[in-house]
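Reckoned from all heavy atoms, side chains included, excluding hydrogens, waters and symmetry mates.
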Amino acid sequence: MIARGEPLYFGPENRPRAGFLHRPERPSGGGVVIVPPFGYEAVCAHRSLRHLAAAAANAGIAALRFDLDGTGDSAGSDLDPARVRAWIESIRDAAVELRRQCGVARIWLIGVRLGAALAALASRELGVDGLVAIAPVVSGKAFLRELRALQMALGLGDPPSSNAPVLGEGGQEALGFPISAETRAELTKIDLASLPEPPAREVLVVDRDDLPTAEKWTARLREQGAVVDMRRMRGYVEMVLDPHRAVVPDAILATATKWLRERVDASPPTARDTRPRTEAHLGDVIEQPVFVDRELFGVLAKPAHHPASGRGVLLLNAGSVHRVGPNRLYVAMARQWAAAGDHVLRLDITGIGDSLPRPGEPENVVYSPRALEDVAAAIAWMRRQPGIREVRAVGLCSGAYHAFKAAVAGEPVDGVVVINPLTFFWTPDQSLDFPAFRVAGEAERYGKAAFDRGKWKKLLRGKVNVRNVAQTLARHAASRVVNRARDVSRRVGLPWRDDLGAELEVVARRGVDLRFVFAEGDPGLKLLRIQGGSVVQRLHERGALVIRLVERADHTFTPISSHAPLSSVVTDALAPSRR
């Protein structure tokens with residue numbers, strides 16, 4: 001069920017779309033194109049769509065899941081013109097490729113959220129055999145309002161004026177993803193319930209159980225003579241939780257697969273071309289899928305024209321976000337660096353994204369006990385590539401942790417860029433209620449609150465959880481005592497377990513270039529200074545440890561205004577000799 005599929009590129013040579021083809025062992029004459037949702041939902045749903053494609057292939061139905069134009073691993077960006085038309089053409093290209101690769105005579109489309117709306121529009125043009133719409137966006141206007149409400153609810157607000165050059169007049173931020181004014185105007189025109197004809201003769205609508213939105217559209221489809229199977233099912237919300245919490249909606253996947261299987265006949269496929277494209281030419285950059293070993297998968301970006309720099313850069317997953325990175329930041333940075341001469345591998349550690357778990361291991365484990373093995377394998381792979389003379393590892397959050405631990409373990413890296421780490425000593429039984437970064441961050445917040453008269457009034461009125469405050473401050477105080485004791489013990493040569501200061505000294509002695517990047521106010525910076533003790537200041541004064549801050553950013557650099565500053569800081573950190 002967790003099969004990866006076969007990576008490939010398709011569509012225009014100068015505008016390739018990236019996807020994974022899941023070929024059934026016993027193919028039928030039918031195939032399905034899986035259309036993803038937009039933006040952050042696409043990132044969260046990535047694992048579920050992989051499971052959906054695998055389930056279809058297990059049922060004898062060839063499946064192609066892919067990234068729409070300007071998204072994921074595909075060419076382009078969200079700010080390119082004519083987004084809706086380009087997305088529909090992406091679906092058309094996917095259908096053409098599925099027929100070419102697998103020889104299927106009949107094709108169905110499966111779309112999720114905005115992907116369902118796009119699939120409905122594409123279905124009318126392609127004349128497909130049927131449509132599966134999961135939690136469909138029926139109204140583009142309502143969808144945009146929902147995105148804005150969520151943006152506000154998360155405290156992200158409207159885009160600042162500094163984003164005007166990026167978004168343009170009338171643009172909109174959507175949880176780290178940009179929507180231009182042109183795209184907003186195109187989306188507002190989408191109203192599935194007002195289409196003059198049904199997208200297909202047969203339609204399965206799997207509506208949300210918590211907030212159904214498809215009743216009007218479903219009624220309209222029936223009026224137009226379509227055969228509609230309407231279900232309300234739980235699973236959409238769980239599917240698009242943050243990637244490390246997202247749950248594969250097995251019931252929805254089983255319902256969709258069963259509906260398809262009942263409609264696919266046993267006729268064999270026709271003759272087919274089984275030579276997929278395995279390189280994407282993106283102007284100044286060439287990208288290709290690579291397999292570091294049997295389980296490890298990544299995408300390598302390399303220069304198409306610029307002389308190679310000799311530097312290899314390894315980008316490691318941020319939490320459970322697959323190799324595109326938070327807000328697709330890894331794709332943008334990798335292509336920028338590759339155009340300048342670097343070889344950049346966006347890696348999925350095993351069990352994340354499209355890297356399979358190691359035998360006997362579960363998937364979607366952020367701090368996997370096999371991660372160090374994965375990073376070591378990727379570093380060794382990069383060092384075997386012609387022309388690469390140095391390798392630097394970069395990671396955000398858990399990726400920062402894995403990059404740093406690889407340096408501590410003596411893996412042959414020339415430098416590491418550690419972005420917003422939330423822990424330096426992870427154990428499987430670590431408390432999620434009071435992890436180290438939360439203790440440091442909350443203690444700092446309580447310290448500031450001590451000078452706020454309003455906070456004291458709340459305390460006296462009984463509106464503050466005194467027990468939580470006391471527990472946090474006690475843990476913080478104990479942590480400071482322990483770390484001071486570590487400092488003293490280290491100076492007299494007595495080793496401690498889990499001594500960050502000692503690890504920093506080990507990395508510095510090996511000559512590894514050590515760079516830390518923090519969003520301003522991120523609790524990881526305080527954690528570094530507390531657990532690293534006097535070593536941090538000492539190495540910093542020697543230039544062996546550099547700390548850089550990015551203003552007006554959150555932990556995953558969601559605000560679009562923080563993307564360019566982060567890219568600039570990390571680019572600078574990768575090439576310290578040019579500073």
Got a donor-acceptor contact below 3.5 angstrom from the [X] side chain to the [Y] backbone?
X      : Y      : result
Tyr330 : Gly395 : no
Asn420 : Ala519 : yes
Asp342 : Gly312 : no
His306 : Ala340 : yes
Arg4   : Glu295 : yes
Arg311 : Leu574 : yes

* Contacts of Phe177 that satisfy ring pair (Phe, Tyr, Trp, His ring centres under 6.0 Å) - sequence neighbours left out -> none
* Are there more than 12 heavy atoms of other residues, nucleotides or ligands under 6.0 Å from atom CZ of Arg529? -> no
* Nearest heavy-atom pair of Pro249 and Ser48: which atoms, and what distance? -> CD-OG, 3.3 Å
* When Arg392 is tested against each of Asp513, Val417, Val416 for side chain to side chain contact (heavy atoms under 4.5 Å, CB included), which residue passes? -> Asp513
* Thinking salt bridges, do Asp572 and Arg515 make one under a 4.0 Å N-O criterion? -> no
* Asked: Got a salt bridge between Arg328 and Asp78, using NZ or NE/NH1/NH2 to carboxylate O under 4.0 Å?
  -> no
* Going by distance alone, is a donor N or O of one side chain under 3.5 Å from an acceptor N or O of the other, for His322 and Asp348? -> no
* Asked: Does one side chain, of Gln336 or Ser567, offer a donor that lies under 3.5 Å from an acceptor on the other?
  -> yes
Rounded distance [0.5 Å steps], [atom1] in [X] versus [atom2] in [Y]:
X      : Y      : atom1 : atom2 : value
Leu314 : Glu411 : CG    : CD    : 11.0 Å
Thr71  : Phe38  : OG1   : CZ    : 9.0 Å
Glu390 : Ser309 : CD    : OG    : 7.0 Å
Glu361 : Thr350 : CD    : OG1   : 7.5 Å

* Asked: Any idea how Tyr367 and Trp426 line up, ring-wise: parallel (<30°), tilted (30 to 60°), or perpendicular (>60°)?
  -> parallel
* **Any His46 side-chain heavy atom under 4.5 Å of Asp354 side chain** => yes
* To do: Measure the shortest side-chain to side-chain distance between Arg47 and Glu363 over non-hydrogen atoms and say whether it is less than 4.5 angstrom.
  => yes
* Glu503 vs Val506, side chain to side chain contact (heavy atoms under 4.5 Å, CB included): CA-CA, chis, key distance, verdict -> CA-CA 5 Å; Glu503 291 190 344; Val506 166; 5.5 Å; no
* With Pro412 via side chain to side chain contact (heavy atoms under 4.5 Å, CB included) - residues at least two apart -> Ile379, Arg383
* Run the side chain to side chain contact (heavy atoms under 4.5 Å, CB included) check on Cys397 and Leu422 step by step: do they pass? -> CA-CA 6 Å; Cys397 192; Leu422 291 181; 4.0 Å; yes
* For residues 282-292, pull every pair meeting side-chain hydrogen bond (donor to acceptor under 3.5 Å, both in side chains), keeping only residues two or more places apart or in separate chains. => Glu287-Arg335, Gln288-Lys302
* Structure fact -> Which of Tyr9, Phe66, Phe297 passes ring pair (Phe, Tyr, Trp, His ring centres under 6.0 Å) with Phe20? Answer is Phe297
* **Test side chain to side chain contact (heavy atoms under 4.5 Å, CB included) applied to Trp381 and Leu300, step by step** => CA-CA 11 Å; Trp381 182 90; Leu300 179 69; 4.0 Å; yes
